[in-house]
Amino acid sequence: MIPYGRQDISQADIDAVVEVLRSDFLTQGPFVPAFETEVAGYCGAQHAVAVNSATSALHIACLALGVGKGDVVWTTPITFVASANCALYCGAEVDFVDIDSRTYSLSVERLAEKLAYAEKIGQLPKVVIPVHLCGQPCEMAVIHALSRQYGFKIIEDASHAIGGRYQNEPVGNCRYSDITVFSFHPVKIITTGEGGMAVTNDGQLAKRMQLLRSHGITRDAADMTHVPDGPWYYQQVDLGFNYRMTDIQAALGLSQMHRLDEFVSKRNAIARRYDQMFSGLSVITPWQHPDSYSGWHLYVIRLQLEKIQKTHLQVFESLREQNIGVNLHYIPVHTQPYYQHMGFKPENFPEANHYYAEAISLPMYPGLTDAQQDKVVEAVREASI
Ligand SMILES: *Cc1c(COP(=O)(O)O)cnc(C)c1O
């Protein structure tokens with residue numbers, strides 16, 4: 001089976017991990033801050049907070065921005081459930097903005113309409129979480145202008161997009177957002193096994209997230225309510241979590257960062273080759289906004305079902321039978337049973353449903369060979385007649 005995504009681990013990555021195993025610190029050692037500094041520097045952000053997953057990063061990002069009971073957070077229905085669940089963890093409500101028919105990410109037109117209506121009924125969102133689906137950055141300049149007009153905060157869910165660029169600047173520089181979040185799950189662009197990071201240019205937000213990732217405990221006398229009782233002393237000043245990244249993970253991440261640009265350019269080359277090879281077939285290849293250079297976490301095709309004898313399910317099954325590990329990203333979050341209790345109806349977000357009825361994620365990772373890619377294209381040709 002050719003998988004849809006796969007990590008790329010070098011001897012240098014293995015050596016970096018082994019070095020940590022032989023050192024004094026398995027967690028909270030020197031590699032966590034080194035990895036944070038590397039990612040912040042790469043992105044052009046001032047602060048980075050490494051955690052044990054992007055899900056944790058999204059959670060503490062929401063908390064740092066003050067999301068709580070009575071607030072509403074908006075995101076896209078075509079994303080992994082974590083982009084929406086983070087608001088529920090904080091006791092807030094979630095609502096969705098339908099997707100753009102070309103990029104499949106949150107539509108800025110739908111966002112503008114929904115904000116105008118929300119202002120009228122007094123239910124503006126506290127935070128909007130655009131998700132850079134497949135690695136292609138959302139139209140952040142437009143979303144940012146709307147945030148100024150309506151007074152909401154922005155968390156970029158860039159779980160798919162490290163190494164990507166928007167208007168020729170790195171994703172994660174937070175020019176148009178308060179916080180950007182990355183995932184280092186093995187199928188993502190770089191990996192730490194499990195892991196995530198939040199980057200920001202706001203020192204106060206960074207400090208709050210550092211506190212929340214480790215129980216809400218501070219060892220800094222300046223942040224305590226009174227002079228320390230002694231050298232052993234720490235204070236819990238907030239209710240935090242254990243969301244820490246280990247030094248083992250950070251060493252792997254730091255080593256992977258050295259190949260980030262190579263990974264993303266390989267993914268771009270694979271995408272261009274798919275684009276060319278699919279011309280003439282009954283599939284829609286991924287459209288790219290001129291402002292974006294995608295990280296290409298995913299390569300999603302849409303079937304032109306009116307031209308194909310088979311159903312979406314039959315094409316999907318045919319590809320799996322031909323040993324192509326295709327997948328579907330994502331099942332619209334608002335249709336999940338857990339979200340049904342909140343009153344969402346499948347028909348609320350028609351563009352998202354339309355996408356779900358046609359989309360298939362094809363194999364996309366730096367180690368995919370030309371021969372494997374040829375096999376994928378041949379299987380799609382076979383399946384889509
Ligand atoms: C993978 C992913 C997450 C969650 O990442 P973890 O590191 O597995 O917690 C969140 N949002 C999106 C869009 C993702 O793809």
Sub-4.5 Å side-chain heavy-atom contact between F184 and Q256: no
Indicate yes or no: does E317 engage R320 in a salt bridge with an N to O separation below 4.0 Å. no
Here the gap from E321 atom CD to L319 atom CG, rounded to the nearest 0.5 Å, amounts to 9.5 Å
Could you report the tightest heavy-atom contact between E351 and S101, atom names first, then the distance? OE2-CB, 3.5 Å
Do the ring centers of Y89 and F241 come within less than 6.0 Å of each other? no
CD-SG distance between E169 and C43, expressed to the nearest 0.5 angstrom: 12.0 Å
Y243 and L212: side-chain contact (heavy atoms from CB on, under 4.5 Å), yes or no, with the steps? CA-CA 8 Å; Y243 282 171; L212 289 168; over 6 Å; no
Go through K153 and S147 one step at a time and tell me if the side-chain contact (heavy atoms from CB on, under 4.5 Å) criterion holds. CA-CA 6 Å; K153 303 287 185 187; S147 80; over 6 Å; no
Atom CD1 of I190 and atom NE2 of H258: how far apart are they, to the nearest 0.5 Å? 10.0 Å
Quick note, ring pair (Phe, Tyr, Trp, His ring centres under 6.0 Å) partners involving residues 117-156, not counting sequence neighbours, are H144-Y176
Return the orientation label for the H297 and Y4 ring planes: parallel under 30°, perpendicular over 60°, tilted otherwise. perpendicular
Backbone N/O of W296 and side chain of R267: donor-acceptor pair under 3.5 Å: yes
Output field: ring centroids Y104/H329 closer than 6.0 Å: no
Considering non-hydrogen atoms only, spot the tightest contact between D374 and R273 and give its length. OD1-NH2, 2.9 Å
Between H312 and A359, is there a donor-acceptor pair closer than 3.5 Å when you use the side chain of the first and the backbone of the second? yes
Taking T200 for the side chain and D178 for the main chain, is one N or O donor matched with an acceptor at less than 3.5 Å? yes
Between V39 and I162, is any pair of side-chain heavy atoms under 4.5 Å apart? yes
What verdict does the ring-ring contact (aromatic ring centres under 6.0 Å, His included) test give for F80 and H160, after you've listed the backbone C-alpha separation in whole Å, the side-chain angles of each residue and the deciding distance to 0.1 Å? CA-CA 11 Å; F80 185 55; H160 300 181; 9.2 Å; no
After noting the C-alpha distance and the side-chain angles of T246 and L26, does the key distance pass the side-chain contact (heavy atoms from CB on, under 4.5 Å) rule? CA-CA 6 Å; T246 67; L26 297 189; 6.0 Å; no
Does CD belonging to E113 count more than 12 external heavy atoms closer than 6.0 Å? yes
Give me the atom names and distance for the closest heavy-atom approach of R213 to V49. NH1-CG1, 3.7 Å
Hey, mind stepping through T311 and L305 against side-chain contact (heavy atoms from CB on, under 4.5 Å) and telling me if it holds? CA-CA 7 Å; T311 64; L305 288 167; 5.7 Å; no
Mind checking whether L133 and I189 sit in one hydrophobic cluster, side chains of I, L, V, M, F, W, Y counted as touching below 4.5 Å? no
Can D275 and Y299 be counted as having a side-chain donor-acceptor contact under 3.5 angstrom? yes
Could you state whether I301 and V187 fall into the same hydrophobic cluster, counting links through intermediate Ile, Leu, Val, Met, Phe, Trp or Tyr residues with side-chain heavy atoms under 4.5 angstrom apart? no
Once the angle between the rings of F96 and F349 is folded into 0 to 90°, is it parallel (under 30°), tilted (30 to 60°) or perpendicular (over 60°)? perpendicular
What do you reckon, is NZ of K114 surrounded by more than 12 foreign heavy atoms closer than 6.0 Å? yes
Go through the side-chain N and O atoms of Q322 and S318 and say whether any donor and acceptor fall under 3.5 Å apart. yes
Are any side-chain N or O atoms of N327 and backbone N or O atoms of S361, one a donor and one an acceptor, separated by less than 3.5 Å? no
Within the 4.5 Å heavy-atom criterion, are Q304 and E306 side-chain neighbours or not? yes
Say whether E156 and S177, considering side chains only, have a donor N or O and an acceptor N or O under 3.5 Å apart. yes
When the ring centroid of Y274 is compared with that of F278, is the distance short of 6.0 Å? yes
Residue pairs meeting salt bridge (Lys or Arg N to Asp or Glu O under 4.0 Å), one or both in residues 250-259, sequence neighbours left out, come to D8-R259, D13-R259
Can you establish whether the number of heavy atoms outside E93 located under 6.0 Å from its atom CD is more than 12? no
Heavy atoms, side chains only, cut-off 4.5 Å: are I2 and Y365 in contact? yes
Looking at side-chain heavy atoms only, is the closest gap between R244 and H215 below 4.5 Å? yes
Kindly compute the distance separating OG1 (T192) from CD (Q249), expressed to the nearest 0.5 Å. 5.0 Å
Verify the cluster assignment for V97 and Y355: are they in a single hydrophobic cluster under the rule of side-chain heavy atoms below 4.5 Å apart? no
Under 3.5 Å donor-acceptor, D157 side chain and S159 backbone: yes
Joint hydrophobic cluster, V377 plus L303, side-chain heavy atoms closer than 4.5 Å: yes
Tell me whether R381 is salt-bridged to E378, with the criterion being a basic N under 4.0 Å from an acidic carboxylate O. yes
For the student: nearest non-hydrogen atoms of T191 and L252, plus distance: O-CG, 3.6 Å
What heavy-atom pair brings R219 and Y233 nearest, and what distance separates the two atoms? NH1-O, 4.4 Å
Heavy-atom count check: over 12 atoms from other residues, nucleotides or ligands less than 6.0 Å from Q204 CD? no
Test item: N268 side-chain N/O and S294 main-chain N/O as donor-acceptor pair under 3.5 Å: yes
With heavy-atom distances below 4.5 Å as the criterion, would you say the side chains of P130 and I154 are in contact? yes
If only atom types and distance count, is the side chain of S292 paired as donor or acceptor with the main-chain N or O of H289 below 3.5 Å? yes
Crowded around I217 CD1? As in, over 12 foreign heavy atoms under 6.0 Å? yes
Heavy-atom donor-acceptor pair, D98 side chain to A352 backbone, under 3.5 Å: yes
Say you draw a straight line from OG of S384 to CD of Q309; how long is it, rounded to the nearest 0.5 Å? 11.0 Å
For the side chain of Q46 and the backbone of G203, is there at least one donor-acceptor N/O pair under 3.5 Å apart? no
Taking every heavy atom of I155 against every heavy atom of A61, the minimum-distance pair comes out as CD1-CB, 3.7 Å
Within the 4.5 Å heavy-atom criterion, are P346 and N353 side-chain neighbours or not? yes
Kindly compute the distance separating CG (L298) from OH (Y330), expressed to the nearest 0.5 Å. 5.5 Å
Between I129 and L146, is there shared hydrophobic-cluster membership here, with clusters defined by ILVMFWY side-chain heavy atoms closer than 4.5 Å? no
Where the side chain of S105 meets the backbone of V131, is there a donor-acceptor pair that is under 3.5 Å apart? yes
Side chains of Y234 and Q236 only: does a donor on one sit below 3.5 Å from an acceptor on the other? no
With the side chain counted from C-beta on, respond yes when V20 and F25 share a heavy-atom pair under 4.5 Å apart, and no when they do not. no
